2 protein chains.
Amino acid sequence: MNLQRKFGLVIKELRLKKGLSQESLANQSDIDRTYISDIEKGERNISLKIIERLSETLQISLSELFKKIEEYE
Amino acid sequence: MNLQRKFGLVIKELRLKKGLSQESLANQSDIDRTYISDIEKGERNISLKIIERLSETLQISLSELFKKIEEYE
DNA sequence: ATGTGACTCAGAGTCCGTT
DNA sequence: GAACGGACTCTGAGTCACA
């Protein structure tokens, strides 16, 4: 499984843990709802700026976020 | 200091610690030499794929890489 | 509330050389 | 060996209608 798919899975997991819909995560992160959908499916090779915005909204540090991602291997 | 600048500083630090030139890091990571230069100066908003390739060449996990980045704040 | 296809366009990423 | 520049190509960012 590649990195961007793992990334999507972790984002989805964190979003659900906070009881957020894709739409509200999208609004809070100032990202389009359909773009969030693509990210969670692992279909986008996202950049540092997007990663940062998501981690802020989900209230997780970048190192903790990537630690979770690594646990998927 | 923004995230991409901190990212660049950490990459440079790790590269020097391994005794690599920008050119050899570029070659081993299959990234353009001039792009490495820009990244280290914090002038590029790089994607997940590039981040992954750099971490592989520099032999550091993504979570450890971002932990170092967070230490710059 | 989420998925998909199709789109635009700024910027990610490359290649050449010169300082 | 690294920074800088111009001139590229290609893909990520961002949006929309529709299912």
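Please read all numbers here as calculations on a predicted model, not as lab measurements.
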**Report entry** Proximity to DNA chain C (any heavy atom under 4.0 Å), residues of residues 18-27 of chain B only
**Finding:** none
**Report entry** Nucleotide D:dA2, atom C1' - distance to CD of B:Glu43 in whole Å
**Finding:** 13 Å
Query raised in the report: Is the closest basic N to carboxylate O distance between A:Arg5 and A:Glu43 below 4.0 Å?
Result: no
Query raised in the report: Across the strands shown, which category fits B:Asn45 at heavy-atom distances under 4.0 angstrom: base, sugar-phosphate, nothing?
Result: sugar-phosphate
Query raised in the report: OH of B:Tyr35 versus C1' of D:dA3: gap in Å, rounded?
Result: 17 Å
Requested in this report: Evaluate the side-chain proximity of B:Lys41 to B:Lys12: yes if any heavy-atom separation is below 4.5 Å, no if none is.
Outcome: no
**Report entry** Distance in angstrom units between B:Glu40 CD and D:dA2 P, rounded
**Finding:** 7 Å
Requested in this report: Could you tell me whether A:Ile46 contacts a base, only the sugar-phosphate backbone, or nothing, with contacts defined as non-hydrogen atoms closer than 4.0 Å?
Outcome: sugar-phosphate
Report task. Test for a donor-acceptor pair under 3.5 Å between the base of C:dG13 and the side chain of B:Arg44, counting only N and O atoms. Result -> yes
Requested in this report: Tell whether A:Thr34 reaches the base of D:dC16 with its side chain through a donor-acceptor pair below 3.5 angstrom.
Outcome: yes
Report summary line: Separation of D:dT11 atom P from A:Gln4 atom CD, nearest Å, is 13 Å
Requested in this report: If a pair satisfies salt bridge (charged side-chain N to carboxylate O under 4.0 Å, His left out) and one of its residues is in residues 47-68 of chain B, list it, with sequence neighbours excluded.
Outcome: none
Report summary line: From NZ of B:Lys12 across to C1' of D:dG1 the rounded distance in Å is 11 Å
Query - Heavy-atom closest pair, residues A:Ile31 and A:Ile50 - result: CD1-CG2, 4.0 Å
Query raised in the report: Could you state the CD1-C1' distance from A:Ile50 to D:dT15, rounded to the nearest angstrom?
Result: 13 Å
Requested in this report: Name the nucleic acid region contacted by A:Lys49, choosing base, sugar-phosphate or nothing; use a 4.0 angstrom heavy-atom cut-off, strictly under.
Outcome: nothing
Report task. Decide, yes or no, whether a salt bridge links B:Glu40 with B:Arg15 under the criterion of side-chain N to carboxylate O below 4.0 Å. Result -> yes
Query raised in the report: Which part of the nucleic acid does A:Ile31 contact within heavy-atom distance under 4.0 Å: base, sugar-phosphate only, or nothing?
Result: nothing
Query raised in the report: What is the distance from CD1 of A:Ile39 to P of C:dT2, rounded to the nearest Å?
Result: 14 Å
Query raised in the report: At under 4.0 Å between heavy atoms, what does B:Asp32 touch on the DNA or RNA strands: base, sugar-phosphate, or nothing?
Result: base
Query raised in the report: For DNA chain D, whose closest nucleotide is more 5', that of B:Lys41 or that of B:Ser47?
Result: B:Lys41
Report summary line: Distance col, row B:Leu9:CG vs B:Ile69:CD1, nearest 0.5 angstrom, shows 9.5 Å
Report task. Kindly indicate whether the side chain of B:Arg33 and the base of C:dG17 share any N or O donor-acceptor pair separated by less than 3.5 Å? Result -> yes
Requested in this report: Determine the contact category for B:Arg15: base if any of its heavy atoms lies under 4.0 Å from a base atom, sugar-phosphate if only primed atoms, P, OP1 or OP2 are that close, otherwise nothing.
Outcome: sugar-phosphate
Query raised in the report: Between atom CG in A:Asp38 and atom P in D:dT11, what is the gap in whole Å?
Result: 16 Å
Query raised in the report: Given B:Ile60, which of B:Leu14, B:Val10, B:Ile11 fulfils the side chain to side chain contact (heavy atoms under 4.5 Å, CB included) condition?
Result: B:Leu14
**Report entry** From B:Ser55 atom OG to B:Leu62 atom CG, the distance as rounded to the nearest 0.5 Å
**Finding:** 4.0 Å
